Amino acid sequence: MQLDDRKWTILKAIIKTYLETGEPVGSRTISKYADLNLSSATIRNEMSDLEDMGLILQPHTSAGRIPSDAGYRLYVDHMMEEKDREVTEMKEMMIQRQDRMELLLKQLARVLATNTNYAAMISGPQYHRTKLKFIQLSIISATQILAVIVAEGNIVKNKMIQIEHGLDQQTVLEMNILLNSALNGLTLEEINLSTISKLKEQAGIHSEVVNQVLDAVAETIQSENDVEIYTSGATNIFKYPELSSSEKASELISAFEEKKDLVDMISSDDIQETGIQVYIGQETPIQSMQDCSVVTATYEIGEGMYGRIGVIGPKRMDYDKVVSTLKTLMAQLDQIFKKE
């Protein structure tokens, strides 16, 4: 069923207002809706058409309107199409961007190692303060529903939820609308106690389902992406006698090959910490690098995405040159991503 923009906006306003209040919605209430600049008379005519189309109902004479099952269905189908399109576009964009990003970061690691004569590493960007994109609940059985949580960065989490009170398709539709209307576009920090309390109150006997969905949202948003580490110049270590003994060199080369210690080092600090960080000897969080110095910097490419750049060398490294090189590289990254 196709609706013109005006009817579609009015239908959405009726559904959202009804979900919030649980009361029939009148034309005067709809006239205050942010997206409309219409008289009550015009809105009444449009509501009459929507009623003739079977999308809204008038529960009793002189009352406002409430959504019909068909109205809910049209709203949810439209919402699903929009979210599917968003996810598809996001996937395509991320694939293209990831390919360019990987080539760029590999090249920058090589340049950094060549310019400093030390070992270099760059981590791929990770999402932080990730926003919720979409929630979809689906009935699996009389005692189970599946919650699909989609967050920024194409992060998807599926969670099976046990239910004590049976849910029919209509209730699940209403809960999908309720959850998405309240939570879409929020970060975990923005989902406050007031929002949670209101959701649980509106969910009534199904408030425990809301609890479990919110747990899944928290797990999805907080989950760490696999960190890609790009390295270069590990063999530069052999240029420095204090690091070139077979045991020390072997440990350092192993750290660069296996990369687990490098990931741990990146994860040990707040990646959103700005500026240059210098770790000397025992300050270095990696055991195999405690005869070295490590200089790191955080880059940001927008949309809550951060990564880490690092240089590893002897404690007698040329700190001035390394810090200067990192600052130049950070400026170049900033320029590159402003153009994207």
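Just so it is clear, the structure is predicted and the values come from calculations on it, not from any experiment.
Between Thr171 and Asp168, the side chains place a donor N or O and an acceptor N or O closer than 3.5 Å (distance only, hydrogens not considered).
Atom CG of Asn180 and atom CZ of Phe134 lie 5.0 Å apart (nearest 0.5 Å). To the nearest 0.5 Å, atoms CE (Met289) and CD (Gln287) are separated by 11.5 Å. Atom CG of residue Asp215 and atom NZ of residue Lys159 lie 4.5 Å apart, to the nearest 0.5 angstrom. Rounding to the nearest 0.5 angstrom, the gap separating the CZ atom in Arg44 from the CD1 atom in Ile30 is 12.5 Å.
Between the Ser197 side chain and the Leu193 main chain, no donor and acceptor come within less than 3.5 Å of each other. Gln290 contributes a side-chain N or O that, together with a main-chain N or O of Thr284, makes up a donor-acceptor pair within less than 3.5 Å. Checking side-chain atoms of Lys106 against main-chain N and O of Ser232 turns up no donor-acceptor pair under 3.5 Å. No donor-acceptor pair under 3.5 Å is formed between the side chain of Gln144 and the backbone N or O of Ser141. Between the Gln170 side chain and the Asp69 main chain, no donor and acceptor come within less than 3.5 Å of each other. In this structure, Ser68 contributes its side chain and Leu57 its backbone to no donor-acceptor pair below 3.5 Å.
Side-chain atoms of Glu46 and Leu38, non-hydrogen and from C-beta on, never get closer than 4.5 Å to each other. Considering only heavy atoms from C-beta on, Tyr299 comes within 4.5 Å of Ile122 through its side chain. Tyr240 is listed as a side-chain neighbour of Asn117, based on a closest heavy-atom distance under 4.5 Å.
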| message | With side chain to side chain contact (heavy atoms under 4.5 Å, CB included) as the criterion, how do Leu183 and Leu199 come out once you've worked through the C-alpha distance, each side chain's angles and the decisive distance to 0.1 Å? | response | CA-CA 10 Å; Leu183 302 178; Leu199 274 173; 3.8 Å; yes
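Between Lys315 and Glu242, none of the side-chain N atoms (NZ, or NE/NH1/NH2) sits under 4.0 Å from a carboxylate O, so this pair counts as no salt bridge.
Shown here for Ala120 and Ala109, the closest heavy-atom pair between the two residues is CB-O, 3.7 Å.
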